[in-house]
Amino acid sequence: MRKLLLVLAVVALAATVAVGHPKIGLILATGGLGDRSFNDMGYWGAEMAAEEIAEQYGVSVDDVLDYVEPREIADYEGYYREFARTGEYDIIVCIGFDHAEPLEFTAPDYPDQKFVIVDDVADADNVASVLFNDQEAAFLCGVVAGMISDTGKAGVLGGMDIPLIRRFVDGFTQGMQWVDADAEVMSRFVGAWNDPTLGMELSREMYRAGADIIYGAAGGSHLGTFVAAEDSADRWAIGTDVDQAWSVPEHSDVIIASGLKRVDLAVYEEIMKVIDGTWEPGVIQYGLATETRTGHGIAFGPWDVSEYIQASYSTASLPNDVVRDVLLKLDEAVQGILDGTIEIEVE
Amino acid sequence: MRLLRELGIIGLSVSLGLGVGAIITAATGHSVPAVFRELALGAFSDVYRFANTLMRATPILFTSLSFLIAFRAGLFNIGAEGQLFIGGFFAAWAGFTFSLPPVLHLVVCLLFGAAVGGLWGFIPGWLRARRGANEFVTTMMLSYVAILLTQWFVSPGGPFHGGRMAARTVRIESTAELPRLLAGTQLSWGLLIAFIVALLVWYFLFRTPRGYELRAVGQRETAAEYGGVNVARTQILAMVLAGVLAGLGGAAEILGIHRGFTVGFSPGYGWDGIAGGLIARAHPIGAVFAALLMGALRAGGAGVDRAGVAPRDLVEVLQGLVILFVVAPELFRLVGRWRLRRRAHGRAQS
């Protein structure tokens, strides 16, 4: 009996030692790493948090962060269970809106497991759903368009005519008109996220109708916008989610700016909240005008101005004084959004 | 005795496939013991993992049966993937459209999936029997029709999009859900349905006159016709049944696992069925074991990926090699027989 107790004590001790450092489980979307967009950013955020945790506990990043790249949506639920059933992970982060429904019906099976989903809401008691105020980045892009455009006309290429993309159109239009009240914004919808050819045709149509800047909010489809912009020297394009002058370097000469969706910061913050003990489930809105005050911004020009306005890899040839003027205007817009003097109206 | 020999050949083929896989693993600079360890652990290490293997084997059993029943009639059903998709979609449709009492609703949904899958088999069956259209081509093309049609149905802007971000329908009613067999796993009652269906297919093929006719047509069309079998009708029947089986598989997958139709719910189970049916030597009971093998490879592959000891692509090479080695002898035999038959058929007609 005493022997048994001793064994139990040793096992218990070993268990507490093993539980020493926090662990992060990261489940990416089907695109996987290397997309220079959503998945990569999600990974950077988790890696950033893991580095901090690893340093604090004197372990390696690999000990802290385990990640998987599902190849099919069919794999998602298996990965939640695979991570959650061990009980080892302090937080399981799921990148991308595809996760919403499978997570919604799997999460309740593991009530003590904390989950985070990025970009849609999964309605369960132990899930934090991260959403972004997309209209804010769109507004900043509109400001750039208003400052740069010679014709006073710009276009938005949307992937689909859905509320999400309407927020981009509304934000962009209001941003451009905040600079130039007479500015005119046209919009076209591709109907698909992966049709750059049609994206190119629709972009050419808008350029020919007088737009000299087009804002792409169509996923892979607005790669066609960049191609169309190359047709003529006075055409510009604006990218989305990451600095596309970096992710699509062959068109960095026409991509003057990119609206940023800081998935990396959101993932980092959600993980650190768990470590600090301040994590809570529910919907968490990331954006300038929210409590978190992060998660959005713009990449423009060659200098970092603030954490919202970042240096871009763009190689567009704009005169220095123009860049400076735009940066000043952007800063003014950000301050306006922060103090509430600018309110972006969306449907 | 014959069974023992077949099992021996299969065992040898699996080992050969894994052996060549091991060489490639080592050549690409990955640890062979680590990869094989994770492959085995991923498929068998505990109840959860084994449930994973069975969960992956379930749709493969359906599609293997689909392939082999057409094959027994001398036809190639290459379109199980599409039949799986269209069956899965209409099962989901019945699941969120109708409001019915618990068990009845589930049965109706399964029947819907089976029926529409059957329709997807009927078209190439009819074209083959009445118009002589090569079913190889028609089933394959109809497969793309089904996959892309359902994709459009549920994408944003499509008529059955669930209204959220992902390309999915709304969730099916809880009365239409196929319950999980083991709590905390993805394994559903679909496994038992698949197993019972395998027995039914065996009974049909080997214990009923219709099944006998079907096999007779597959062995020698002209002889069967001479013997009084309606060849055209039998061929159509075989293709309809093939579609029904794959459609049922899609229905079980959607109702049991995804609870709503979602784009990309099948990682190629329909194609796996071709290999499964061939590994099984076109025998329904053999298909149970073939599906188990393929399910274990898929579940184990996910384990390798998760452990990070080798990239997913390498695992797929391994899976492909095993399947190739197991199927290869049978494939040569089959293609040879098929060509002989076609030639005989051609001579008979001229």
Side-chain angles (χ1 to χ4, degrees), chain A residues 25-30 32-34 62 65-86 96-106 108-110 117-123 129 131 158-165 189-194 219, chain B residues 42 46-49 51-53 55-56 59 88 151-152 155-158 161-172 174 177 180 182-187 253-254 256-269 298-299 301-308 311-313 315-316:
Chain A
L26 174 69
I27 304 172
L28 296 159
T30 47
L33 289 181
D62 287 347
L65 174 63
D66 283 329
Y67 71 95
V68 286
E69 299 174 72
R71 214 179 41 129
E72 306 286 339
I73 294 169
D75 295 341
Y76 286 170
E77 188 191 334
Y79 282 131
Y80 309 146
R81 293 189 185 281
E82 193 68 55
F83 277 138
R85 75 191 185 103
T86 63
F97 55 73
D98 286 350
H99 283 284
E101 269 167 305
L103 188 57
E104 214 160 81
F105 64 70
T106 312
D109 285 359
Y110 306 93
I117 176 172
V118 177
D119 222 18
D120 199 1
V121 178
D123 191 9
S129 305
L131 296 181
M160 302 228 176
D161 193 357
I162 53 175
L164 168 79
I165 298 304
F189 298 93
V190 182
W193 306 107
N194 53 0
Chain B
D46 57 25
V47 174
Y48 176 82
R49 297 273 170 78
N52 247 344
T53 294
M55 181 272 284
R56 301 228 174 235
Q151 184 182 332
W152 172 69
S155 293
H161 179 233
R164 299 175 65 166
M165 304 270 287
R168 259 187 90 102
T169 63
V170 292
R171 208 170 149 177
I172 56 171
S174 59
E177 280 176 17
R180 298 282 162 99
L182 281 173
T185 73
Q186 287 181 276
L187 183 62
E253 193 70 2
I254 289 296
I257 295 180
H258 303 288
R259 297 165 186 179
F261 183 86
T262 171
V263 157
F265 78 94
S266 161
Y269 292 136
R298 277 204 178 272
V304 175
D305 195 29
R306 212 166 37 234
R312 184 76 168 243
D313 304 326
V315 180
E316 270 163 34

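Sequence lines set the chain letters: A, B, ... in the order given, protein chains first and strands last, and positions in each chain run from 1. Predicted, not measured: the structure shown is a model, and the values here were computed from it.
Only the side chain of B:Arg49 comes within less than 4.5 Å of a heavy atom of chain A; its backbone N, CA, C and O stay farther away. Only the side chain of A:Ile162 comes within less than 4.5 Å of a heavy atom in chain B; its backbone stays farther off. At a 4.5 Å heavy-atom cutoff, B:Glu177 makes no contact with chain A through either its backbone or its side chain. Contact annotation for B:Ser266: only backbone heavy atoms (N, CA, C, O) come within less than 4.5 Å of a heavy atom of chain A. For A:Phe83, no part lies under 4.5 angstrom from a heavy atom of chain B.
Distance CD/B:Gln186 to OH/A:Tyr80: 10.0 Å, rounded to 0.5 Å. To the nearest 0.5 Å, atoms OH (A:Tyr76) and CD1 (B:Ile257) are separated by 15.5 Å.
A:Asp119 meets the side-chain hydrogen bond (donor to acceptor under 3.5 Å, both in side chains) test with A:Lys261; sequence neighbours excluded. Here A:Asp123 pairs with nothing under the side-chain hydrogen bond (donor to acceptor under 3.5 Å, both in side chains) rule; sequence neighbours left out.
Salt bridge A:Glu104/B:Arg168: absent, no basic N to carboxylate O contact under 4.0 Å. Comment: A:Arg85 engages B:Asp46 in a salt bridge, judged by a side-chain N to carboxylate O separation of less than 4.0 angstrom. A:Asp75 and B:Arg56 are joined by a salt bridge, as a carboxylate oxygen and a charged side-chain nitrogen come within less than 4.0 angstrom of each other.
Judged by the 6.0 Å and 45° rule, A:Arg81 forms no cation-pi pair with B:Tyr48.
In terms of heavy-atom pairs under 4.5 Å with chain B, the best-connected choice from A:Glu72, A:Met160, A:Glu101 is A:Glu101. Of the listed residues (A:Asp109, A:Asp120, A:Val121, A:Val68), the greatest number of heavy-atom pairs within a distance under 4.5 Å of chain B belongs to A:Asp120.
Residues B:Arg180 and A:Phe105 come closest through the heavy atom pair NH2-CE1, 4.1 Å.
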